[in-house]
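The next block holds one structure in the form of structure tokens; read it before the comments.
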Amino acid sequence: MAEPQIHHLNGNDRRPKVLMLNQSPTFALFPSLFTQKFRILKAWESEQPLDQFLAKHARSVHALLGDRHTVVNAELLQLLPALRMVTVTCTGVNQIDLAECRRRGIAVANLGGAYSEDVADFAVGLLIDVLRRVSASDRYVRKGFWRSKGDFPLGFKLGGKRIGIVGMGKIGIEVAKRLQVFGCSIAYTSRNKKPSISYPVYSTVQELAESSDAIILCCGLNDQTRHIVNKKVLSALGKEGVVINIGRGALIDEKELVRCLVGGEIGGAGLDVFENEPYVPKELFALDNVVLCPHRAVHTPESFQASAEIAIANLEAFFSNRPLITPVTND
Ligand SMILES: O=CC(=O)O
């Protein structure tokens with residue numbers, strides 16, 4: 001676990017050093033919240049090659065502040081032998097080698113539930129958009145088709161739909177709460193059954209898909225969940241079924257998803273994330289039953305402010321030897 005913390009002095013500067021490898025939206029919006037308290041070492045602004053920059057600070061850097069683009073793998077950790085804490089201004093931690101961090105006694109914190117409400121709103125927005133064809137009808141109006149071709153095709157009602165939530169963590173719970181108010185029925189599958197949650201639980205995503213009109217992916221990406229939505233799950237969802245992904249692109253076998261959408265084997269999709277961002281399979285561009293977004297579900301100033309506050313609270317806890325506020329756990 002973390003060693004007693006040392007405040008590294010730079011002349012009279014008593015702020016603890018925190019390494020950042022890349023600029024993040026949270027830091028870009030609220031730089032002074034961080035720099036008031038910490039001496040931020042901005043690797044991306046250095047003229048030195050990264051390995052030289054890291055070598056210069058290797059023995060004095062105990063904390064790393066990153067985001068979803070900050071890949072923390074064994075090679076990086078090897079270069080930072082004094083590192084004892086990583087905090088990221090995101091929810092997903094698939095970019096971090098958690099096992100290697102554990103092995104090296106490096107504590108990891110994410111944002112806990114700070115983004116959950118915004119992400120849940122976005123998931124519901126995507127579902128409504130796919131079912132009621134909001135984006136598609138916007139295109140119809142802009143292209144002048146309302147006047148030239150007449151009425152736009154009907155969409156589908158949200159109320160009464162059977163929604164399967166994959167991953168009943170903080171985001172899944174917020175999605176369920178919202179969709180219940182719309183009159184949907186909720187079921188879920190999750191790594192651990194949640195005794196406090198009364199929605200029906202299925203043991204596999206395939207069984208969940210068989211009993212759902214739409215599935216919403218709210219789980220983290222790891223070795224167990226990579227391509228958790230595969231050919232079998234998509235065919236279980238069926239011709240009218242909808243898949244919404246606000247988790248990570250690689251939760252779905254994207255090639256298979258594209259094949260099913262192009263072939264009309266599922267009803268539609270709302271996708272905020274992709275396997276190889278910012279690449280989006282171009283076959284999807286022509287499909288009006290698919291809503292595509294550029295990984296924006298968490299992007300509100302309110303979310304970013306919360307994310308800055310939580311990251312700072314985690315860094316302060318670390319530098320004063322207190323337990324982290326939102327440590328990454330296995331539940
Ligand atoms: O994708 C966004 C996040 O993980 O916070």
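Remember, it's 1-based here, ligands and their atoms both numbered in the order they're listed. What you see is a predicted model; the values in this text were computed from it and never measured. Numbering of residues begins at 1 and proceeds along the displayed sequence.
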Item to complete: Around atom 5 (O) of ligand 1, find the nearest protein heavy atom and jot down its residue, atom name and distance.
Response: T91 N, 2.7 Å

Item to complete: Identify, by atom number and element, the atoms of ligand 1 in contact range of R248, meaning under 4.0 Å from any of its heavy atoms.
Response: 1 (O), 2 (C), 3 (C), 4 (O)

Item to complete: Count the heavy atoms of every other residue, nucleotide or ligand shown that sit under 6.0 Å from CZ of R132, and state whether that count exceeds 12.
Response: no

Practice prompt. Check ligand 1 against G92 and write out every atom of the ligand that is under 4.0 Å from a heavy-atom position of the residue.
Written response: 3 (C), 4 (O)

Worksheet item: Got a salt bridge between R259 and E265, using NZ or NE/NH1/NH2 to carboxylate O under 4.0 Å?
Response: yes

Item to complete: May I ask you to say whether R68 pairs ionically with E277, meaning some side-chain N is under 4.0 Å from a carboxylate O?
Response: yes

Worksheet item: Hey, which atoms in ligand 1 end up nearer than 4.0 Å to a heavy atom of H295?
Response: 1 (O), 2 (C)

Worksheet item: Do V298 and ligand 1 have an N or O pair less than 3.5 Å apart?
Response: no

Fill in: Carboxylate-amine/guanidinium proximity below 4.0 Å for R133 and D129
no

Worksheet item: Mind checking whether Y115 has an N or O less than 3.5 Å away from an N or O of ligand 1?
Response: no

Discussion item. Between D121 and R178, does any NZ, NE, NH1 or NH2 come within less than 4.0 Å of an OD or OE carboxylate oxygen?
Written reply: yes

